[in-house]
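Here's the structure we're looking at; comments come further down.
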Amino acid sequence: MKEYDFKSIEKKWQDRWEKARSFHAEDFKGKKYYVLEMFPYPSGRLHMGHVRNYSIGDVVARFMWKKGYNVLHPIGWDALGLPAENAAIQHGIEPKKWTYDNIAHMRKQLKSLGITYDWDREIATCDPMYYKWNQWFFLKMYQLGLAYRKEEWVNWCPKCNTVLANEQVKEGKCWRCGTPVEQRKLKQWFLKIRDYADELLEGHKELEGKWPERVLVMQKNWIGRSEGAEIDFPVVGLEKKIRVFTTRLDTIYGATYLVLSSEHPFVEDLVRGTPKEEEILKWCQEKIKEKRFSREEEPEKEGIFTGRYAINPFSREQIPIWIANYVLMEYGTGAVMAVPAHDQRDFEFARKYNLPIKVVIVPEDGDIELPLKQAYEEKGILINSAGFTGLRSEEAIKRMIALAEDRQFGNKAVNYRIRDWGISRQRYWGTPIPIVYCEKCGVVPVPEEKLPVTLPKDVKFTGEGNPLETSETFVNTTCPKCGGHARRETDTMDTFFDSSWYYLRYTDPENLSSPFDRQKAEYWAPPDIYIGGVEHAILHLIYARFFTKFIRDLKLIGFSEPFPRLLTQGMVIKDGKKMSKSLGNIVEPDEMIEKYGADAVRLFILFAAPPERDLDWSDAGIEGAYRFVKKIWSLFQRNLDLMQQDLKPDLSPEAIQIRKITHRTIKKVTEEIHDRMHFNTAIAALMEFYNALNENEERLRSTASGRGALREALFAMLHLISPFTPHLAEEIWEEAGKEGFISRAPWPSYDEKLLEEERITVVVQINGKVRDRVEVGKDEPEESIKERVLSLERVKKFIEGKKIVKFIYVPGKIVSIHIK
RNA sequence: GCGAAAGUGGCGGAAUUGGCAGACGCGCUGGACUUAGGAUCCAGUGGGGAAACCCGUGGGGGUUCGAGUCCCCCCUUUCGCACCA
């Protein structure tokens, strides 16, 4: 019997697949299926998370190929980004070389796993032919006013020496290196993702049930839409109004003071010429500094009275204007009406500074306890609110907005938490922003025909400042408009720009005249399934959704959602902890493949947990998977003779039992892969199938009918297991004398007739406890079953002397007797 | 604090629509083969009990002939957001 020599088998079939271009996706050829996994950053080597991600995708791709689909399963490299540049600073290696070396190694690793990529469509975002189209999209955005430049407080990571988008700050720290983020005021390029905020929310409806609930919730919270009203408060003694945003206009009669953010541009005008001008401005400067540079989570609420008063447009009351550190400039209007009785923050502040607390809302049922111990934030019935007293909150808000709009001191308004996407990065290894600054003409976009603006080679990586600024040839240029001297923009794009549309480039990766061809894109895209880590829930996935809508508005595609179905895989952990260098618990894919082979590694990683759950890597577990692979191998080896013969399965008694198992397994595995993507249970079903074959092997081989049934079972097993252990399957396929690749041979179908059972064992429960079981006919009437059940010895024993209250028969499932 | 998800043997996990809890695998125990076993094969394996049986899906209550699954309350863990007016 031939040994299971996975090393030579795996190499052999990887070479053959490559040579035959077995998984090449051809445009416009029949019904398509596009399976996409998040492309990797070429950090140098694959980690187990990658192995898991790509194994999951590969099972789907292989399954769909066998189901007769024209499958697009591409791979590429998210190849721009900081680590390449840091390597240049630390080791003097050119970012390009570092990146391409890493890609070469990781490509080899992916091939050693036997993943079915269409290597003809491989892309790398650092290729000027790729990032050219980043620049092209940027110019389109610029033309449409979606890309703009402004000076703004931005998140600055002192370690990465660059700006971060809000989405890239996690708990006040850099998403990449964990360094606490500082704030800097810089002139930056922004994309108007806010213009799409409503549509991004609206689009969730389409994704419900197809994306994990929590990803949708996270995005929804991130966008943070809230409906309310904006109201003007005139300032006493000044021709000025302060505009506030509130979601609780119904509480306006309880507004006892007004608060501005210390960064509010109106502060200066407000205090000009007042005795405390200097003191207040100084105080504000201090607070801004604290806020921008301190790492404290939530500072104590502090405020200062401006000496000015505003008029509540509803009550006509004069209320003091304060400045406080708990009001954010970046949300709403940067000013709020404070209602201490009904807002906990205002309540705390009012208590601290002895400001009046006025109750204007009471619960619909019952009273409110006075004095308040905390703010009553629920909705309810209005009191002390002039003509609005007695109304419920919802109704009051409606009427108050109507009044404000009528009298023109306010209007209905919607606010979003999401900020525009800042894409400028002060680093080298990114897509140059195609803009020049001309002394005469100002900001001038690089004309389309001059793209790409490529990264220069004459740069110095010192670790200080943006390396691009050290390139004379890059920085100095001529103005496309006037031909005079101009300087290039040296900021590069956030790399999330690159990954926002890469899934479209795969559909037409070599296009020189446009980012992609519309026909091709619409044939393939959007991907039917997108698989990746949940860590991109609000980064990549929200940017890509925004881009897709923008690209649709450019009329380059007709759909609005990039990823109609999303599978977020869990992390691969070890001993309950994330694998990390510092914990020393990293499992290297290469070592595992070397020791157990790619087939066993794939099998284990898919078997150990369903995809969306975290997976605990277990050395004993991989041993078990390896053992199973060897057992399967040996089962096939023992029965190769049958597989080589031309035997037909029949319906004789010797054949039928195993044939039923075969067909049930086909059904089960098909459904687990296709409907649920629960590969662990698919593999469990295959193990059970193996156990059944192994147990009955001898008996089956002893009769002609048995041999026919066993042969059918073996081929079914081979097909069913081929997406998981493709190399082994190919090898046996060939040894069985079959032509071509099993990877491209049709998936087996099951015979409904063989799934039916004539006799079914049902459980007999008495008062909810299993007491016996009984074999019933498929269509046996309840009366007949009742009679038989009640005459069973064990049943008689339990019901003796008791009264049968209820007798329930659920056909094919259970008999339930209730006695008293 | 707010939001979401999860909690099942020694472990990873099954149980898809309310119908035999613990499939499958790991580990463990015993046995066979063996000079040897960390290879392979066979048997057993939720807890208690000699057995009949009883108890068991984080805890407590409820609905139901029947609940891991549905409803209410609570606990724990993980994740996300966190002065968002």
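Just so it is clear, the values below take in all heavy atoms, side chains as well, and ignore hydrogens, waters and symmetry mates. Numbered from 1 within each chain, the chains take letters A, B, ... in sequence-line order. On a predicted model such as this, the values are computed, not experimentally measured, just so you know.
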Mind checking what makes side-chain hydrogen bond (donor to acceptor under 3.5 Å, both in side chains) contact with Asp232(A), not counting sequence neighbours? Arg243(A)

Less than 4.0 Å between a side-chain N and a carboxylate O, is that true for Lys595(A) and Glu591(A)? no

Do Arg773(A) and C20(B) share a donor-acceptor pair, side chain to base, under 3.5 Å? yes

Contact letters for nucleotides 49-68 of chain B, in which S counts primed atoms plus P, OP1 and OP2 and B counts the base, heavy atoms under 4.0 Å: ----SSS---------B---

Determine the stems involving RNA chain B; a stem requires 3 or more consecutive pairs of the Watson-Crick or G-U wobble kind, each with both distances below 3.5 Å, and the answer is none if no such run exists. B:1-7 with B:75-81, B:10-12 with B:24-26, B:27-32 with B:40-45, B:46-48 with B:53-55, B:58-62 with B:70-74

When the C1' atoms of G10(B) and G47(B) are compared, how many Å lie between them, rounded to an integer? 13 Å

Between the base of U16(B) and the side chain of Lys668(A), is there a donor-acceptor distance below 3.5 Å? yes

Just jot down the side-chain hydrogen bond (donor to acceptor under 3.5 Å, both in side chains) partners of Arg545(A), sequence neighbours excluded, or say none. His204(A), Gln219(A), Glu561(A)

Could you work out the separation of C70(B) and G7(B) based on their P atoms and round it to a whole Å? 11 Å

Below 3.5 Å, does any donor atom in the side chain of Lys301(A) face an acceptor in the base of C83(B), or the other way round? yes

Set of ring pair (Phe, Tyr, Trp, His ring centres under 6.0 Å) partners for Phe604(A), sequence neighbours left out: Trp617(A)

Only counting residues at least two apart or in another chain, list the ones meeting side-chain hydrogen bond (donor to acceptor under 3.5 Å, both in side chains) with Trp633(A). none

